[in-house]
Structures are given as structure tokens and as C-alpha cells.
Amino acid sequence: MAKKRSWASRFILLAALCGILALLAFLQTRRFAEQPLALDQDTVQFTVEKGDGLNRILPKMRAAGITRGADWQWKALALQLGMSGRIHVGDYRISRQDSPAEVLRKLAVGDTARVKFTLVEGWSFKQLMQQLKDLPEPVDDVTGLSPSEVMALVGKKGMHPEGRFLPDTYFVPLSGKKSRILIDAAAAMDKALAEAWAGRDKALPLQSAEQLLVLASIVEKETGQASERQQIAGVFVRRLQADMRLQTDPTVIYGMGDSYQGNIRKQDLRRDTPYNTYTRAGLPPTPIAMPGRAALLASAHPAGGDALYFVAKGNGEHLFSASYDAHRKAVQTYQKKQ
């Protein structure tokens with residue numbers, strides 16, 4: 001009987017000891033979980049690939065500079081957080097203020113580090129490529145390519161690059177390439193243009209989606225106030241219907257190329273180029289900028305009315321006129337003010 005009590009006592013003691021050790025391990029793991037990583041640099045990054053578990057991720061973290069904690073602590077913490085099998089593929093950027101718990105949370109929810117790039121309405125292809133060049137991340141595989149090489153890269157070999165990339169905000173992984181932005185923007189423009197063309201007003205004097213893209217690029221460059229997009233589109237559509245020349249300065253500027261120094265002279269308006277809508281009838285041969293969705297829709301659904309002219313007021317707005325005499329008076333009025 002004494003022997004049985006002895007074994008029972010030992011078992012209780014052992015269980016108590018195990019409980020204490022488990023509690024100590026739990027408390028130590030919790031302290032470890034909330035302590036900042038205190039990295040040697042502001043941020044580090046590593047990449048989780050398909051099939052990676054903690055056994056593969058931990059060496060990558062160590063190599064990146066995350067040295068705090070033993071492997072068993074990371075694994076114990078992951079177990080406590082219920083992370084089994086919940087690790088997302090992607091690039092991760094970790095800061096020195098992050099705790100181990102925050103690192104594992106990012107892995108569990110897929111809080112990956114991505115590069116954000118916003119393509120602005122009205123940019124030219126040249127501006128787009130310059131902005132991509134200045135973007136510090138990700139891998140630059142497009143700087144130095146010719147326009148024709150860029151178009152081949154995005155699957156549009158032989159196509160003029162102007163207007164072919166939709167203004168929007170795009171994201172690409174840190175370990176990705178800048179060409180991904182161009183590919184996504186080109187695909188987005190294809191979709192937006194196809195939708196605008198399919199839903200267009202059937203009375204438009206346009207023969208193709210390409211002509212709609214050209215018109216939208218002009219509307220984009222002429223619009224100062226978003227509320228005027230459809231009115232401006234309406235003016236150009238009525239001019240096309242009446243076989244009037246568009247006579248829009250942004251096309252002249254585009255045709256001048258690098259010779260444009262911020263001011264248009266009379267001789268510039270008279271100098272013939274494929275883009276001079278003062279000397280040539282109809283639309284120019286290509287878009288002159290990257291139109292956004294709003295410009296595409298405004299060009300597909302222009303406002304009605306009888307206005308054939310407009311002049312800038314100097315505050316981003318325009319005054320619209322139906323007759324040349326009224327337009328000439330408006331020009332004199334607002335040119336004097338400016």
C-alpha cells in the first residue's frame with residue numbers, strides 16, 4: 001500500500017513539474033511573442049515560395065537578419081496562434097519594430113509587401129516610362145527598351161504605344177518585375193476600351209474602338225474639370241459630324257515633340273504634322289496620351305447640345321459657344337483676364 005502511495009506521489013510530482021515547465025514555456029513564448037525584433041537595419045525582406053513551411057521559412061528569416069528567438073520558440077508560437085498550414089506565398093517586408101507575433105500574423109494573413117504604382121490620367125508613354133525608371137522597386141527589366149520592344153513585351157508587337165495603358169493603381173511583388181505593371185495596364189486598357197466601345201452611342205461618327213481611344217485621349221488632355229468631360233467630347237463629336245477640323249492645341253503640342261517649350265506660337269499652328277488638327281481634318285493617327293475610364297466613357301457617351309467651340313476661363317473650366325462670333329467674344333474676354 002505504501003508502495004502504491006509512493007508511485008502516486010511521484011506521478012503527481014512529475015505531473016506538477018511538467019505543468020510548471022509547460023507554464024514557464026508558455027510564459028516565455030508569450031514574452032518572446034511581443035518583444036520587438038530589434039533588427040540591425042530598419043527593414044529586412046524575404047520570400048515565401050509555394051510549399052514553404054516554417055522549417056524552410058526560418059532559415060530564410062535568419063539569412064535576412066531576423067535572429068531573435070530559437071526555432072522552437074517560433075514553432076511554439078505558431079502552434080499557439082493556430083497557424084498550422086496557414087502561410088501565404090509572397091514577399092514579406094519586416095521592420096525592427098515588428099514582434100515575432102506580428103511576423104507570423106503577416107505570414108498567416110498574406111500581408112505581403114508589394115510595390116504600388118499609379119499611372120496618372122493624361123500621361124504620355126514617355127512620361128510613363130520615365131516614372132517607371134524612377135521607381136526604385138521592383139526589378140527593372142524595361143528601362144532602355146525601345147517603344148517597339150516594350151509593345152512586343154506586353155504582347156502588342158507592331159502597335160503604337162501611346163494610349164495603350166490604362167491609368168489606374170497597380171501592385172507588383174517586391175521580387176517581381178516592372179514589366180508586370182505594363183502588362184497589367186495594357187490588359188486593363190484592352191478591357192476598358194472594349195467595354196466602352198460595346199456600350200457606345202451608336203450615332204457616334206467613329207469607325208472603330210481605336211478611333212474612340214484617340215478621341216478619348218484628346219478629351220483627357222482638354223478636360224480641366226471632370227464635370228465637363230462629356231461636354232468637351234460633345235464638341236469634338238459635333239465637329240467630326242460637321243466635317244470641321246478639331247483645332248485642339250494638345251494634338252499640336254504632341255506633334256511638336258521635344259521642340260515644345262511651353263508655348264504655342266502661330267507658326268506652330270500652321271506647321272503641318274500628322275497631329276496638327278488645325279491643318280488636317282479628322283482625328284490624329286494615334287492617341288496623344290493615356291485616357292482614363294472616365295474619358296473613355298465620356299467619349300462613348302458625349303453630351304448633346306449645339307456647342308462647337310470652347311475657351312478656357314483660366315480656372316480649369318471652359319465657356320462653351322454654339323457660334324464662332326460668340327466664341328470670338330469669349331476668347332477676347334478670357335484672354336484679357338489671363
>> Between R105 and V109, is the side chain to side chain contact (heavy atoms under 4.5 Å, CB included) condition met? List the steps.
In response: CA-CA 6 Å; R105 186 201 66 80; V109 301; 3.5 Å; yes
> For D40, does the CG atom have more than 12 heavy-atom neighbours from other residues, nucleotides or ligands under 6.0 Å away?
Replying inline: no
> Which heavy-atom pair separates L104 from A78 by the least distance, and what is that distance?
Replying inline: CD1-N, 3.8 Å
>> Using side-chain heavy atoms (C-beta onward) and a distance below 4.5 Å, is E228 in contact with F320?
In response: yes
> Under 3.5 Å, is there a donor-acceptor pair between the side chain of S179 and the main chain of V142?
Replying inline: no
> For R56, does the CZ atom have more than 12 heavy-atom neighbours from other residues, nucleotides or ligands under 6.0 Å away?
Replying inline: no
>> Any side-chain to backbone donor/acceptor pair from D268 onto R265? Under 3.5 Å, distance only.
In response: yes
>> Would K157 and M151 count as a side chain to side chain contact (heavy atoms under 4.5 Å, CB included) here? Give the steps.
In response: CA-CA 5 Å; K157 186 176 181 179; M151 296 310 288; over 6 Å; no
> Would a distance-only check, ignoring hydrogens and angles, find a side-chain to backbone donor-acceptor pair under 3.5 Å from H88 to A108?
Replying inline: yes
> Closest heavy-atom contact between H318 and K313?
Replying inline: O-CE, 3.7 Å
> Between K126 and D258, does at least one N-O distance fall below 4.0 Å, as a salt bridge requires?
Replying inline: yes
>> Quick check for you: to the nearest 0.5 Å, what is the distance between D91 atom CG and E49 atom CD?
In response: 9.5 Å
> Any Lys/Arg nitrogen of R238 or D306 sitting under 4.0 Å from an Asp/Glu carboxylate oxygen of the other?
Replying inline: no
>> Return the CG to CG distance between L119 and D184, rounded to the nearest 0.5 Å.
In response: 11.5 Å
> Is the closest basic N to carboxylate O distance between R93 and E137 below 4.0 Å?
Replying inline: yes
>> For a quick check under 3.5 Å, do E222 and T248 share a side-chain donor-acceptor pair by atom type?
In response: yes
>> Rounded to the nearest 0.5 Å, what separates atom CZ in R62 from atom CZ in R68?
In response: 11.0 Å
> Which heavy atom in L296 sits nearest to a heavy atom in L212, and how many Å separate them?
Replying inline: O-CD1, 4.2 Å
> Do Y260 and V252 share a hydrophobic cluster (ILVMFWY, side-chain heavy atoms under 4.5 Å, transitive)?
Replying inline: yes
> Is there a side-chain contact between Y324 and L308, using heavy atoms and a 4.5 Å cut-off?
Replying inline: no
> With the threshold set at 4.0 Å, does a side-chain nitrogen-carboxylate oxygen contact exist between D325 and K329?
Replying inline: no
>> Count I, L, V, M, F, W, Y as connected when their side-chain heavy atoms are under 4.5 Å apart, and connections chain through other members. Are V120 and F125 then in the same cluster?
In response: yes
>> Quick check: is M159 connected to W197 through a chain of hydrophobic side chains (ILVMFWY, heavy atoms under 4.5 Å apart)?
In response: yes
> How about Y309 and S323: does a side-chain donor come under 3.5 Å of a side-chain acceptor?
Replying inline: no
>> Strictly distance-based, threshold 3.5 Å: is any side-chain N or O of S124 a donor or acceptor partner for the main-chain N or O of A289?
In response: no
>> Can you confirm whether Q45 sits close enough to I94 that some side-chain heavy atom of one is under 4.5 Å from a side-chain heavy atom of the other?
In response: no
>> Do P147 and H160 have side chains that approach each other closer than 4.5 Å (heavy atoms only, starting at C-beta)?
In response: no
> Quick one: does R180's side chain have a donor or acceptor within less than 3.5 Å of a partner on G176's backbone?
Replying inline: no
> Hey, what's the ring geometry for Y92 with F46, parallel, tilted or perpendicular (30° and 60° as the breaks)?
Replying inline: parallel
> Got a donor-acceptor contact below 3.5 angstrom from the T223 side chain to the E220 backbone?
Replying inline: no
>> Can you confirm whether the side chains of T143 and D140 place a donor and an acceptor under 3.5 Å from each other?
In response: yes
> Are there more than 12 heavy atoms of other residues, nucleotides or ligands under 6.0 Å from atom NZ of K60?
Replying inline: yes
>> Taking G90's backbone N and O only, do any of them form a donor-acceptor pair with T112's side chain (distance below 3.5 Å, no angle check)?
In response: no
> Aromatic ring centroids of Y170 and F165 under 6.0 Å?
Replying inline: no
>> Rounded at 0.5 Å granularity, tell me how far CG in L153 sits from CD1 in I183.
In response: 5.5 Å
> Between R280 and D272, is the closest basic N to carboxylate O distance under 4.0 Å?
Replying inline: yes
> Passes side chain to side chain contact (heavy atoms under 4.5 Å, CB included), L39 versus T67? Steps please.
Replying inline: CA-CA 8 Å; L39 305 171; T67 58; over 6 Å; no
>> Just verifying a value: how many Å separate L58 CG and Q73 CD, rounded to the nearest 0.5 Å?
In response: 11.5 Å
> Cluster question for you: counting only ILVMFWY and a side-chain heavy-atom cut-off of under 4.5 Å, with indirect links fine, are I288 and M129 together?
Replying inline: yes
> CZ of R96 to CD1 of I66: how many Å apart, nearest 0.5 Å?
Replying inline: 12.5 Å
> Would you call D190-R164 a salt bridge at under 4.0 Å N-O?
Replying inline: no
> Shortest non-hydrogen contact from L77 to A101?
Replying inline: CD2-N, 3.8 Å
> Does some side-chain heavy atom of V48 sit less than 4.5 Å from a side-chain heavy atom of L107?
Replying inline: yes
>> What I'd like to find out is whether the side chain of Q241 reaches to under 4.5 Å of the side chain of P205, using heavy atoms alone.
In response: yes
> Is any side-chain N of the basic residue among K106 and D98 closer than 4.0 Å to the acidic one's carboxylate O?
Replying inline: yes
> Can you check side chain to side chain contact (heavy atoms under 4.5 Å, CB included) on F32 and W74, steps first, answer last?
Replying inline: CA-CA 9 Å; F32 162 72; W74 285 95; 3.5 Å; yes
> Under a single-linkage definition using a 4.5 Å side-chain heavy-atom cutoff for Ile, Leu, Val, Met, Phe, Trp and Tyr, are L204 and L246 assigned to the same hydrophobic cluster?
Replying inline: yes
> Taking all atoms of both residues into account, what is the closest heavy-atom pair of R229 and A298, and its distance?
Replying inline: CB-CB, 3.7 Å
> Where do V219 and S299 come nearest, in terms of heavy atoms and distance?
Replying inline: CG2-OG, 3.6 Å
> With a 4.5 Å limit on heavy-atom distance, are the side chains of V172 and F117 in contact?
Replying inline: no
>> For Q127, is there any backbone N or O sitting under 3.5 Å from a side-chain donor or acceptor partner on Q131?
In response: no
> Would a 4.5 Å heavy-atom cut-off, applied to side chains only, mark V214 and P284 as touching?
Replying inline: yes
> Would the number of heavy atoms belonging to other residues, nucleotides or ligands and lying under 6.0 Å from NZ of K202 be above 12?
Replying inline: yes
> Donor-acceptor pair, N276 side chain versus Y278 backbone, under 3.5 Å?
Replying inline: yes
> When you measure from the side chain of K178 to the backbone N and O of L132, does any donor-acceptor pair fall under 3.5 Å?
Replying inline: yes
>> Under a 3.5 Å threshold, yes or no: a donor from one side chain and an acceptor from the other, between T43 and S95?
In response: no
